Amino acid sequence: MVKKKCVAMLLAGGKGSRLNSLTKTVAKPAVPFGGKYRIIDFTLSNCTNSGIDTVGVLTQYQPLLLNSYIGIGSAWDLDRMDGGVTVLPPYSESSDVKWYTGTASAIYQNMNYLQQYEPEHVLILSGDHIYKMNYELMLEYHIEKGADVSISVIEVPWDEASRFGIMNTDSEYRITEFEEKPEDPKNNLASMGIYIFSWNVLKEYLIRDDKNPNSSHDFGKDVIPLLLKEKKNLFAYPFKGYWKDVGTVKSLWEANMDLLDENCELNLFDNTWRIYSVNPNQPPQYLAPSAEVFDSLINEGCTIEGEIERSVLFQGVKVEKGAVVRESVIMPDAVIGKNAYIEKAIVPEEVHIPEGAVICGDPSSNEILLVTEELINELLTNKL
Amino acid sequence: MNKQLLGVIDATTFHEGLEDLTIHRSLAAVPFAGRYRLIDFILSSMVNSGIRSVAIFPKFQYRSLMDHLGSGKNWDLNRKRDGLFFFPSSDINGNNDGFGCFQHFAENMDFFDRSLQKYSLITNCYTVFNMDYKMVLKTHIESGCDITEISKHGQSLGMFILKTSLLVELIKNREETGYTTMKDVVLDINHNLKICRYEYNGYAVMINSIEKYYSTNLNMLEPNVWKQVFLKDNPIYTKVKDEPPTRYLKGSSVQNAMIANGCQIEGVVENSIIARGVKIGKGTTVKNCIILQKSQIGENCVLDSVILDKDVKIEDDTVITGSITKPNVIRKGTVQGALIKS
């Protein structure tokens, strides 16, 4: 194997249970986003745009779709002679089967994968976030600081800081303390779950963590605190820009709506930092003479005969005559029947909204309605 | 290999009426329906009909065609055995030797000798359609004909099926027989080859003039037409681009239009085909137009009955009009600022 300066490990086994039925059959990184993408496209595109050509993708929960989606990585230009993308599922050894019990144990069990590239640095990522980031700059920072570990952080509003893992640093961004969801935060630098480790340090601490029976084998809870306790060089890497955890139905909806904001920092039209994805190859979208489209993002393969306002439509969506879609996210191949009305909702893949149905998030609670099969069945029964 | 077809695409054709669009590109690479090139229709029809080996014979300006096709990956033709073959003409004099030129084929005789497919399909590169050749081949075999010519309304579509061995014979004996093209063979009555016709009932239009190009593009706006061309189970493949979905900004109004990905639309679009990555500015009206990829139209413009080739820039407050019967064609890469009328 050719030696690699930096190898990325992408944790993509998350269940994302707060996304409810959206993650019933797919892992969170495979959830559709932004009219054409899946969440993992952002991290994989960041890798390829940052010049990182070796990426291990760790899967565990509902991996079928994710595995076939990633394939050999050609969509992200990660089908390489050396390195490229490798899907790393849990596996069995002669003694027993080892599930990934925590983020650190997942990496620990794939140390052989890393070892074959003899990397100098290992970049640990999660496939759960929407953002554009140049990891190469973070790696330069990591090397410049002579850090053992660099952790990417973002400034969050002070009143929200208690929802995050907060890094307390000195004026040089050296991390002095890490607090998981502090009640009384001393700082507002939240960990983005992006780490660069020097490989030797990572190796040593993963082996020690594995031997510790009291550890939950998690980077945030176990490995980082131990490194801090032992006075290793940990630096926070301040990131500025759009970054969003789309872990709930509401935040997934919000992040989609952000794309319709003209001042949004996440620019999908930026040629210098393309977000790549598996292209569905469908004909251009067709807007019928009866169509009305305002302030929306619409993908190829859609047929629009109704009215669309402030919405995001994925490939192959059909909106029939008289139907109205407002402030909603309509996932691939869904059909909105004649004269149906949808507002503040997420319609999952291939769902068929019956004719004349009215689907609306509760305006008083400002909640977003995730359409489910049960809801559709209910609508159909009530109609009969 | 007994019932397999070898795909042979003649991409040498040059139509004088299409000069405005073919000055920089081969006819096969002329953009169509927002995200395709003309060759995508024949190539996808072949692939969807189970053809695994396709030879393309280009002649003029084929750089854009090579760039579009690449390794053939987008048509699943990057195979270890068979796949996509590219045979540019060695004749650089620019002679147009006619469709299905045997001389051009003869220069690559080893390809035909090496191919194991029992039958060959010879086609043009500029028909908009989506055909299942499995049916045609079946009919050809059952009829016992030597050559089957595909036609629509009795007019030849420039597509022929024959045994590969017969094709090889025709190419090798071209000097004795005097046949230079497939057309020579089917039009000659002084041979004992049995020539049959296969009448195709689906949608098929050969693009051989600007007017045809324009009207066929706009034809795609009719649901009963695009439903015959863009089939879910037999898709038209093309070179994929990583364009984001199209963004409709505040103030846009779009009706009766086919719009590809990566566009940013702030103006009014009616009865038009908009290709990938096009920008249409605020207060601008685009009507009865074919806008090719990456063209940028400024604010407060009016474009009616215009074909904008790729990478055209229209400055603010520009008015360009043509007519439905004679669209105004703006050449690739130009900048338009003044008032232009035709």
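Lettering of chains follows the sequences in order, A, B, ..., and the numbering in each one begins at 1. All of these numbers come straight from a predicted model, not from anything done at the bench.
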Winner by heavy-atom pair count (cut-off under 4.5 Å) against chain B, out of A:Leu313, A:Ile308, A:Asn279: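 Top count of heavy-atom pairs under 4.5 Å with chain B: A:Asn279.
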
Name the option with the most non-hydrogen atom pairs under 4.5 Å to chain B; the candidates are A:Gly316, A:Gly301, A:Ala288. A:Ala288

Proximal component of B:Lys241, with respect to chain A [non-hydrogen, under 4.5 Å]: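 Backbone only.
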
Rounded to the nearest 0.5 Å, how far apart are [atom1] of [X] and [atom2] of [Y]?
X: B:Arg247; Y: A:Leu297; atom1: CZ; atom2: CG; result: 6.5 Å
X: A:Glu292; Y: B:Ser252; atom1: CD; atom2: OG; result: 10.0 Å
X: B:Lys250; Y: A:Arg310; atom1: NZ; atom2: CZ; result: 6.0 Å
X: A:Ser296; Y: B:Leu249; atom1: OG; atom2: CG; result: 10.0 Å

Decide if atom [atom1] of [X] counts as having more than 12 heavy atoms of other residues, nucleotides or ligands within a radius under 6.0 Å.
X: B:Lys152; atom1: NZ; result: yes
X: A:Lys338; atom1: NZ; result: no
X: B:Arg63; atom1: CZ; result: no
X: A:Leu137; atom1: CG; result: yes
X: B:Lys134; atom1: NZ; result: yes
X: A:Lys132; atom1: NZ; result: yes
X: A:Lys244; atom1: NZ; result: yes
X: B:Lys282; atom1: NZ; result: no

Residue [X] versus chain B: region with a heavy atom under 4.5 Å:
X: A:Leu260; answer: both
X: A:Tyr37; answer: side chain
X: A:Gln315; answer: neither

Check [X] against [Y] and note the closest heavy-atom contact, atom names and distance.
X: B:Gln264; Y: A:Phe269; answer: NE2-CD2, 3.2 Å
X: B:Lys73; Y: A:Ser74; answer: NZ-OG, 3.8 Å
X: B:Pro245; Y: A:Lys36; answer: CG-CB, 3.9 Å
X: B:Tyr36; Y: A:Pro283; answer: OH-CA, 3.1 Å

Looking at B:Ile236, B:Val254, B:Ile259, which has the largest count of heavy-atom pairs under 4.5 Å with chain A? B:Ile259

In terms of heavy-atom pairs under 4.5 Å, which option from B:Ala257, B:Gly34, B:Ala33 contacts chain A the most?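 Among the listed options, the one with the most contacts to chain A is B:Ala257.
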
Quick one: does any side-chain atom of [X] pair with a main-chain N or O of [Y] as donor and acceptor, under 3.5 Å?
X: B:Asp242; Y: A:Tyr276; value: no
X: B:Gln255; Y: A:Ala291; value: yes
X: B:Arg35; Y: A:Glu300; value: no

May I have the step-by-step check of side-chain contact (heavy atoms from CB on, under 4.5 Å) for B:Tyr248 and A:Phe294, ending in yes or no? CA-CA 6 Å; B:Tyr248 296 88; A:Phe294 309 101; over 6 Å; no

Are any of the side-chain heavy atoms of B:Pro223 and A:Tyr286 separated by less than 4.5 Å?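 Sidechains of A:Tyr286 and B:Pro223: in contact.
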
Dump the intermediate steps for side-chain contact (heavy atoms from CB on, under 4.5 Å) on A:Leu287 and B:Asn256, then the final yes or no. CA-CA 5 Å; A:Leu287 279 67; B:Asn256 199 31; over 6 Å; no

SB check B:Glu243 A:Arg274 (cutoff 4.0 Å):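 So B:Glu243 pairs with A:Arg274 through a salt bridge.
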
